[in-house]
Amino acid sequence: MTETTTPQTAEADALAGNSYPPLLEIEDLTVEFPSDDELVTAVAGAHLTIKANQVHCLVGESGSGKSQTARAALGLLDPPGRITSGQIRFTQSDGQVLDLAKLKPRGRRMRHVRGGEIGMIFQEPARSLSPMHTVGFQIAEAMRLHRSIGGRGLTKKQAWNAAVNALREVRIPRPELRANAYPFELSGGMRQRVMIAIALAGQPRLLIADEPTTALDVTTQAQILDLLRHLQTERGMTVLFITHDLGVVADVADEVSVMRRGEVVETKPVFDLFADPDHAYTRTLLAATPKLRVAGPESAPTAQSKLGERPAAKTPLVSVRGLTRTFTLKSGVMGQKRNYLSAVDGVDFDIYRGETLGLVGESGCGKSTLAKCLLRVEKPTSGSITHRLAGPQQVPAEHDAVNVATAPESSLRAYRRQLRMVFQDPFGSLNPRMTVRDILAEPLRQEGAHSRDNLVALLQLVGLEAAHLDRYPHAFSGGQRQRIGIARAIATDPAVLVADEAVSALDVSVRAQILDLMSDLQEQRQLSYLFISHDMSTVEHLADRVAVMYLGRMVEIAPTAELFGRPRHPYTETLLSAVPIPDPSRQRGRQRIEVSGELPDPTEKPSGCPFRNRCRFAREVCAAETPLLRDLGEGRQAACHFAEELDLTGVLQ
Amino acid sequence: MLTYMIRRMGWSLLTIWLISLVCFFIIQAPPGDFVSVLMANMEAEGRRLNAQQVEVLRERYALDQPWYAQYWAWVSGILTQGDFGYSFRYNRPAVEVIAEHLPFTLLLAGGALLLTWVIAFAIGIYTAVKRYSSGDYFFTFLGFIGLSVPNFVLALVFMYIAFRYFGMSVGGLFSPDFVEADWSLARVGDLTKNLIVPALIIATAGTAGLIRITRANLSDELTQPYVVAARARGQRENVLLMRYPVRAAMNPFISTVGYAIPSVISGEVIVSSVLSLPTTGPVLLGALRNQDMYLAGSFLLILGVLTVIGTVISDLVLAWADPRVRRQHSGAAQ
Amino acid sequence: MTTGQKTANDRAGTRSSGVLIWRRFRRHKLAVVSLWIVIGVYLIAAFADVIAPRPAGDYNADYPYAPPQSITMTDPGDGRGFGLYVHGYIQEFDEVSWNRYYTENPDELHKVEFFVESGHDYRLLGLLETDRKLFAPADADAPFFVMGSDANGRDIFSRVVYGAQISMSIGLIGVTLSLLIGITLGALAGFFRGPIDMVIQRITEVFMSIPTLPLWMALAAALPRDWGPLTIYFAITVLLSLIGWTSLSREVRARVLTLRSEDYVVAARLDGASRFRVVRRHILPSLTSHIIASVTLAVPAMILAETALSFLGLGLQPPLVSWGVLLQESQNIRSVITAPWLLIVPSAAVVISTLALNFLGDGLRDAADPYGGAVK
């Protein structure tokens with residue numbers, strides 16, 4: 001079962017110039033998932049050496065086998081997965097070396113390793129905690145499993161106290177109170193902190209973090225990464241950090257391994273990997289990742305050169321003024337108590353012909369509701385949407401502009417042909433019971449333009465083939481489905497596409513292809529995009545102008561280069577500072593702006609400026625007066641009382 | 001939590017009101033009103049009501065007035081005096097007949113419900129954990145047989161076997177020695193002994209559905225990340241199974257349990273009729289066969305109300321058991 | 001992990017989800033067998049006139065409570081040749097216990113022939129006039145009770161075959177009615193929500209709270225006594241469906257609620273499809289597989305309900321023949337002890353049919369929704 005390494009090998013390692021001894025050595029690991037139809041090899045002979053006291057990042061796209069490698073180490077493969085060959089050698093705290101691949105997954109030794117030697121945190125903190133138990137209970141459970149005082153197990157009381165302390169260590173305010181909370185009463189960031197507290201309860205030598213920040217907002221991600229880094233150095237712990245995000249890698253890694261199709265293709269120290277990748281796949285990956293390349297407003301030629309002139313000089317295609325969408329939350333016996341939640345709260349912005357307007361903000365800021373209101377999937381509570389989308393042959397004068405915010409559903413057909421939507425979920429947005437032909441024909445049925453030739457032309461436009469016409473959506477990959485979604489959107493020859501997180505569900509390389517396709521289409525057809533994303537670097541890559549939302553309000557709108565180079569709103573600054581730049585030398589040289597606190601509950605917005613309780617510049621006037629989005633010249637707008645005075649930091653080269 | 005309880009009870013009051021309307025409709029359905037039927041019955045027995053008595057009765061049930069007045073007369077009688085109307089067959093107020101038989105019904109239905117839960121939960125957990133094993137197939141098959149065999153057939157088969165092979169005449173809730181005996185420990189024991197088989201027979205019908213729901217829900221829970229997370233912190237498999245996924249699968253189970261009550265009551269009615277148990281079943285059947293409508297309608301009303309109370313309790317238990325429901329309705333998140 | 005799946009997908013690329021569901025269904029061996037049994041039972045019901053050796057009401061007063069005969073393959077050597085034969089009975093009458101005892105008469109042999117002329121004319125499927133029976137004794141007056149006879153000397157086998165017509169059709173027609181009510185109300189509630197949903201939900205809840213059997217009993221008892229058998233048949237069917245729609249309606253509502261917020265339904269709206277088209281073309285097709293499964297599971301429930309009602313004497317009445325009506329005769333435990341086949345044969349018919357329908361429905365549900373089925 002176990003083998004003990006001879007002292008000679010350990011010494012040999014030390015002599016080989018490795019500053020740290022290997023803690024975990026994975027050799028020729030193969031993991032297979034047999035099913036009735038086929039055998040899926042998730043990990044195919046992977047080699048990986050993780051040295052002690054380091055943060056080792058394992059990077060790869062979905063399906064590359066990175067998570068399964070980690071799970072195999074702890075015997076946590078989902079059935080029918082199994083390790084078919086290979087060794088996973090782990091050096092325990094008592095110096096003994098175990099081959100984890102040979103341990104019984106449900107045996108006592110493996111249970112000791114789990115939590116006691118290797119802790120693990122997961123991608124979805126919301127679902128990784130039992131919703132039926134308090135977080136204190138779940139941490140205390142881990143404490144009782146792995147800790148002892150004087151050779152005896154902990155009493156319930158001791159375990160609870162230890163849990164409260166653990167919450168304090170992961171920087172959760174008021175831990176005594178929070179220990180009694182259920183997971184659903186905590187924010188995503190808090191839940192992940194709780195998961196970290198559980199994983200560290202047994203004081204493990206190795207922490208495996210499987211995409212721990214993927215489900216979190218960027219500012220929360222920055223906080224969690226910060227915490228992990230702090231705990232790692234404080235405890236002299238080793239971290240195996242699994243991620244798909246090269247920005248995160250650049251931020252936290254000491255050493256990086258790249259996985260592809262079940263194999264580790266390259267392992268290098270982080271700086272070397274970014275500077276000089278060996279493997280072609282690593283290079284592709286790096287090339288496909290947007291770099292936040294902006295050097296500053298002076299040398300940024302992107303937006304203007306593309307449009308030829310400043311957008312402000314033209315009349316907007318779509319104008320949104322004071323758009324508000326309020327939800328009523330009823331409570332009380334007869335529903336008499338009402339809370340109002342303004343998901344979108346008096347938003348103003350314009351979209352010009354041929355431009356890409358990026359819309360960024362954290363989850364819950366109202367960007368998706370805004371998109372739904374714009375398309376009238378939801379009816380705005382108040383405000384106006386006027387447009388000049390009547391088509392090229394007839395350009396109405398300014399006073400003819402129609403307000404579609406209040407127009408009846410039946411009159412929206414022409415508008416909806418001009419303003420189309422690309423959905424986030426490539427799986428949910430295509431009817432599984434229709435062929436591609438039916439899906440593409442649906443918007444064209446009215447004028448009978450759904451001839452085969454037309455549909456084939458559409459498919460070819462988005463890089464698919466005529467042969468795909470009679471297939472059902474389940475036959476396509478995520479990227480291909482998103483192409484079909486784009487084809488459906490441009491079928492009516494629209495002027496504006498609203499893309500709500502349209503590439504967020506895709507892998508980096510596929511994402512780059514779809515973004516290229518969108519750029520091509522924009523050039524060919526003078527399309528305008530409203531590109532909604534939580535991912536700042538993608539927006540920076542694609543958008544001409546960027547709008548930033550916070551708690552239902554627009555806080556800043558500016559040309560991309562200016563916004564990223566020199567933000568005028570403190571929230572934008574915070575957001576930018578939290579975005580990890582996929583370049584270790586740039587990322588580590590940055591000055592980080594700490595954001596305090598959590599995103600407030602949207603039903604309990606602070607008075608005045610919604611950002612004031614987290615803003616480091618807040619003064620009395622911020623609580624008293626709500627700053628309006630106002631013009632600052634140069635096509636910039638910001639909703640801050642001190643927009644002109646503040647000297648804020650952007651993303652500088 | 002309190003507002004939730006109040007609201008839930010408000011809704012059930014509305015449901016009970018609608019049930020009472022349905023019952024009233026059923027009472028009214030046969031041709032001829034209550035008094036004329038009563039007169040006809042008495043005449044058949046050679047007795048006669050005098051004109052004054054007829055008048056009093058017509059007044060009491062508001063028979064000369066429109067249906068809503070009659071409904072009100074009936075309902076207000078129940079609410080104010082506990083007067084459910086009059087049973088011709090027993091020549092007694094319906095409420096007395098009901099009071100006599102209801103306790104046994106509750107006992108039997110309660111026993112059957114308990115058996116249903118215990119069996120369904122145990123087998124549900126087993127089949128979910130050992131999915132696609134031969135044991136899973138065996139119990140699933142067994143459950144389906146329980147679902148497909150009418151329970152009166154089971155009751156008949158049971159009677160046949162008892163008589164044919166053991167020479168026992170089955171029926172009734174007490175053995176001959178105990179029928180007239182005073183309440184004693186032995187009598188209670190005898191009652192329990194005689195209750196088990198009918199309760200089992202009634203339980204067969206409901207278990208299959210509940211097994212299936214438990215199996216599906218628990219299978220879902222077993223693949224949840226929090227189970228893997230509990231495993232990853234080194235917890236023992238048996239402990240984590242019962243502590244996390246089984247606990248979570250309890251919730252849909254509790255909420256479905258409420259809807260098992262009507263099926264158990266239905267089963268009780270027919271099984272008791274076959275086994276001639278002194279519960280509401282045979283009495284209701286007799287009342288319906290003889291168009292003794294006040295008795296039948298009142299039984300229906302009471303069974304309906306009991307079911308509604310049962311579902312309310314199961315909902316409240318759910319709210320209490322599930323912190324998500326409990327905390328949401330308390331409105332005091334954090 | 002993607003590579004392997006993709007090739008599999010390419011092969012299935014042009015297969016509709018219906019085809020995929022059917023493929024998943026075929027993996028359930030038990031469900032496939034059940035499908036054949038269900039088809040078989042409905043065929044028996046359709047061709048009852050051919051299959052039943054005797055008409056449903058035909059009786060032979062000489063043979064009350066006759067036990068089942070066994071069919072033997074032999075050659076009696078009297079020139080009738082090799083073939084299937086049944087023995088006649090010897091009867092003894094016990095004056096004291098008032099019981100009849102039957103034993104097999106070894107000397108009396110009746111030949112059973114296929115497609116024999118029975119002398120009882122009928123129209124096959126309402127079209128072809130004939131008197132041929134699938135199998136019957138060559139001598140039309142010979143006792144022929146393969147599954148025994150009842151108190152009036154009627155052939156149980158024939159009656160069970162005829163009973164299939166009513167029992168199986170009541171399930172089907174009742175479910176169709178339930179389905180219409182259930183889909184309409186469920187879809188209305190799920191699609192429009194708001195007050196409409198509220199009202200429909202309350203109504204559903206009322207029907208679900210009243211124990212169904214007593215309610216059915218009460219309503220059935222309220223039916224006028226002077227109605228003819230056919231009217232009663234339809235009335236009972238309507239009653240069963242009036243109460244049976246609730247679970248279907250709840251299911252449809254829940255599915256519509258989730259479907260209407262699916263991205264592809266929103267996309268259809270944005271594509272300019274009318275409300276009606278959204279429901280008909282985008283929502284309902286996704287429902288069909290679930291509906292088919294639920295319907296299949298509702299049919300046996302309805303068959304059982306009819307059986308129970310008729311058994312209690314509150315449902316269908318003689319001269320109509322349903323399995324429940326047949327089981328009425330076994331209400332008295334004495335007659336079951338004398339003639340267990342009175343209980344066994346119709347019960348077996350009920351159990352086999354409902355079991356097959358339940359397995360079939362279960363298989364369909366699994367195939368339609370391989371990952372779901374959980375109640376949240």
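Here is how names work: the chains are called A, B, and so on, in the same order as the sequence lines, proteins then strands, and each is numbered from 1.
- Considering only residues two or more places apart in sequence or on other chains, Gln123(A) meets the side-chain contact (heavy atoms from CB on, under 4.5 Å) condition with Glu211(A), Thr214(A).
- Open room surrounds CZ on Phe25(B); 12 or fewer heavy atoms of other groups in view lie less than 6.0 Å from it.
- Of all the heavy atoms in Arg233(B) and Ala142(A), the pair that sits closest is CD-CB, 3.9 Å.
- For chain B, no part of Met110(A) is nearby; none of its heavy atoms comes within less than 4.5 Å.
- The nearest pair of heavy atoms linking Leu76(A) to Ala232(B) is CD1-CB, 3.6 Å.
- Here the shortest heavy-atom pairing between Pro323(B) and Pro131(A) reads CG-O, 3.5 Å.
- In this structure, chain B has a heavy atom under 4.5 Å from the side chain of Arg106(A), while its backbone stays farther away.
- Rounding to the nearest 0.5 Å places CZ of Arg231(B) at 9.5 Å from CZ of Arg71(A).
- The local environment of OH in Tyr68(B) is sparse, with at most 12 non-hydrogen atoms from other residues, nucleotides or ligands closer than 6.0 Å.
- Here CE of Met132(A) is found 14.0 Å from CZ of Arg243(B). Values are rounded to the nearest 0.5 Å.
- Heavy-atom distances place the side chain of His146(A), and not its backbone, under 4.5 Å from chain B.
- Across Ser128(A) and Pro225(B), no two heavy atoms sit closer than the pair OG-CB, 3.7 Å.
- The neighbour count for Asp78(A) CG, taken as heavy atoms of other residues, nucleotides or ligands under 6.0 Å away, is above 12.
- No side-chain heavy atom of Tyr226(B) sits under 4.5 Å from any side-chain heavy atom of His133(A).
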